[in-house]
Amino acid sequence: STLGVIEQYDCKAWANWAVERFGEEKSVFFMGVSTGASIAMMSSNLGLPKSVRGIIDDCGFTTSTKMLELNCKSHLPKGMPVEVFKIFVDVGTKLWGGFNLKEADACKAVSQTKIPILIIHGDMDNLAPLYMAKKIYNSCKSRKDIYIVHGAGHAENYKKDPEGYEKIITTFIKENESREER
């Protein structure tokens with residue numbers, strides 16, 4: 001996994017495949033949880049077909065580098081500073097992976113898209129904290145909505161509030177399935 005740097009182009013390929021297979025008049029929605037949500041958002045500024053009517057982000061994160069910074073501390077050898085680890089990751093992804101992790105930025109992508117975005121996030125998420133959802137929301141220049149699930153940790157939104165979760169997604173899809181202004 002390149003945490004979205006390369007995978008975002010898979011989303012574009014899937015959307016193009018769907019257009020070839022079903023036609024551009026059929027609505028396509030991308031939805032992902034955690035990294036999958038961020039990847040879907042990262043693809044939003046890649047010139048997706050008009051059939052992509054919306055993106056649903058369930059506990060996505062702002063940038064891959066920020067996620068590493070926040071979540072690596074407990075896994076590092078004792079005494080290793082996070083900054084040193086980040087340098088190793090940066091050099092390693094460039095040398096051996098052939099990609100720059102700094103290119104994985106959901107906020108940048110949603111600031112450049114016209115695709116509607118629905119953000120669903122738990123207020124008890126410790127892996128991708130709630131402030132990330134708010135930063136994505138504030139960065140987004142397209143039609144957007146945010147749904148905060150109280151008491152939900154990372155990837156627990158449906159489990160904590162299945163009725164609200166289903167309702168907000170159903171409403172989002174109905175409101176955007178025939179939307180063409182992009």
Whether the side chain of [X] engages the backbone of [Y] through a donor-acceptor N/O pair (distance < 3.5 Å, no angle test) should be reported.
| X | Y | value |
| --- | --- | --- |
| His121 | Met132 | no |
| Ser111 | Lys108 | yes |
| Gln8 | Val5 | yes |
| Lys160 | Glu156 | no |
| Glu7 | Thr2 | yes |
| Thr170 | Lys167 | no |
| Asn71 | Leu127 | yes |
| Ser64 | Leu3 | yes |
| Lys144 | Tyr137 | yes |

Distance from [X] atom [atom1] to [Y] atom [atom2], nearest 0.5 Å?
| X | Y | atom1 | atom2 | result |
| --- | --- | --- | --- | --- |
| Leu130 | Cys59 | CG | SG | 11.5 Å |
| Glu103 | Thr65 | CD | OG1 | 11.5 Å |
| Ser139 | Lys134 | OG | NZ | 14.0 Å |
| Lys50 | Glu24 | NZ | CD | 7.5 Å |

Item checked: Qualifying residues under side-chain hydrogen bond (donor to acceptor under 3.5 Å, both in side chains), relative to Glu69, sequence neighbours excluded ->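 Applying side-chain hydrogen bond (donor to acceptor under 3.5 Å, both in side chains) to Glu69 gives Lys66, Lys86.
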Next item on the list: Just jot down the side-chain hydrogen bond (donor to acceptor under 3.5 Å, both in side chains) partners of Asn16, sequence neighbours excluded, or say none.
Entry: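 Applying side-chain hydrogen bond (donor to acceptor under 3.5 Å, both in side chains) to Asn16 gives none.
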Would you mind writing out the side-chain donor-acceptor pairs for residues 30-39 within the sub-3.5 Å range, not counting sequence neighbours?
unit_1: Ser34; atom_1: OG; unit_2: His154; atom_2: NE2; d: 2.8
unit_1: Ser38; atom_1: OG; unit_2: Phe61; atom_2: N; d: 2.6
unit_1: Ser38; atom_1: OG; unit_2: Phe61; atom_2: O; d: 2.9

Check: Can the ring centroids of Trp14 and Tyr9 be said to lie less than 6.0 angstrom from one another?
Finding: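 Distance test on ring centres: not under 6.0 Å, no.
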Notebook entry, point to check: Met80 versus Phe88: any side-chain heavy-atom pair under 4.5 Å?
Noted result: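 Of all side-chain heavy-atom pairs linking Phe88 with Met80, at least one is under 4.5 Å.
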Notebook entry, point to check: Heavy-atom distance under 4.5 Å between the side chains of Met42 and Asp105, does that happen here?
Noted result: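 Counting from C-beta outward, Met42 and Asp105 never come under 4.5 Å.
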Next item on the list: For Asn176 and Phe29, run side-chain contact (heavy atoms from CB on, under 4.5 Å): C-alpha distance rounded to whole Å, both residues' side-chain angles, the deciding distance at 0.1 Å, then the answer.
Entry: CA-CA 9 Å; Asn176 293 291; Phe29 289 84; 4.0 Å; yes
Where is the tightest heavy-atom contact between [X] and [Y], given as atom of each residue plus distance?
| X | Y | value |
| --- | --- | --- |
| Ile115 | Ser44 | CD1-O, 3.7 Å |
| Ser142 | Thr113 | CB-O, 3.5 Å |
| Ala109 | Met41 | CB-O, 3.3 Å |

Check: When you look at NZ of Lys94, are more than 12 heavy atoms from neighbouring residues, nucleotides or ligands closer to it than 6.0 Å?
Finding: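 Counting other residues, nucleotides and ligands, NZ of Lys94 exceeds 12 neighbours.
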Next item on the list: Could you tell me whether Asn138 atom CG has more than 12 heavy atoms of other residues or ligands within 6.0 Å of it?
Entry: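 Yes - once you tally the heavy atoms of other residues, nucleotides and ligands closer than 6.0 Å, there are more than 12.
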Next item on the list: Look at Glu175 together with Arg143 and state whether they make a salt bridge at an N to O cut-off of under 4.0 Å.
Entry: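 Here Glu175 pairs with Arg143 in a salt bridge, since their nearest N and O are under 4.0 Å apart.
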Checklist line | Working for side-chain contact (heavy atoms from CB on, under 4.5 Å), residues Asp145 and Ile119 | finding: CA-CA 6 Å; Asp145 198 4; Ile119 300 162; over 6 Å; no
Membership question, hydrophobic clusters at under 4.5 Å side-chain separation (ILVMFWY): are [Y] and [X] in the same one?
| X | Y | result |
| --- | --- | --- |
| Val91 | Leu101 | no |
| Leu48 | Ile117 | yes |
| Val84 | Val82 | yes |
| Ile136 | Val149 | no |
| Val89 | Met67 | no |

Between [X] and [Y], is any side-chain donor less than 3.5 angstrom from a side-chain acceptor?
| X | Y | answer |
| --- | --- | --- |
| Ser51 | Glu25 | no |
| Tyr147 | Asp161 | yes |
| Asp58 | Tyr165 | yes |

Next item on the list: Give me the one residue out of Ile168, Ile55, Asp57 that meets side-chain contact (heavy atoms from CB on, under 4.5 Å) with Leu118.
Entry: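 Among Ile168, Ile55, Asp57, the one that satisfies the side-chain contact (heavy atoms from CB on, under 4.5 Å) with Leu118 is Ile168.
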Note to self: I'd like to know whether Thr93 forms a side-chain contact (heavy atoms from CB on, under 4.5 Å) with Asn100, so could you lay out the CA-CA distance, the side-chain angles of the two residues, the decisive distance to 0.1 Å, and finally the verdict.
What the structure shows: CA-CA 6 Å; Thr93 57; Asn100 184 348; 5.7 Å; no
Next item on the list: Run the numbers on Lys73 and Phe85 for side-chain contact (heavy atoms from CB on, under 4.5 Å), then give the verdict.
Entry: CA-CA 9 Å; Lys73 292 174 188 168; Phe85 176 73; over 6 Å; no
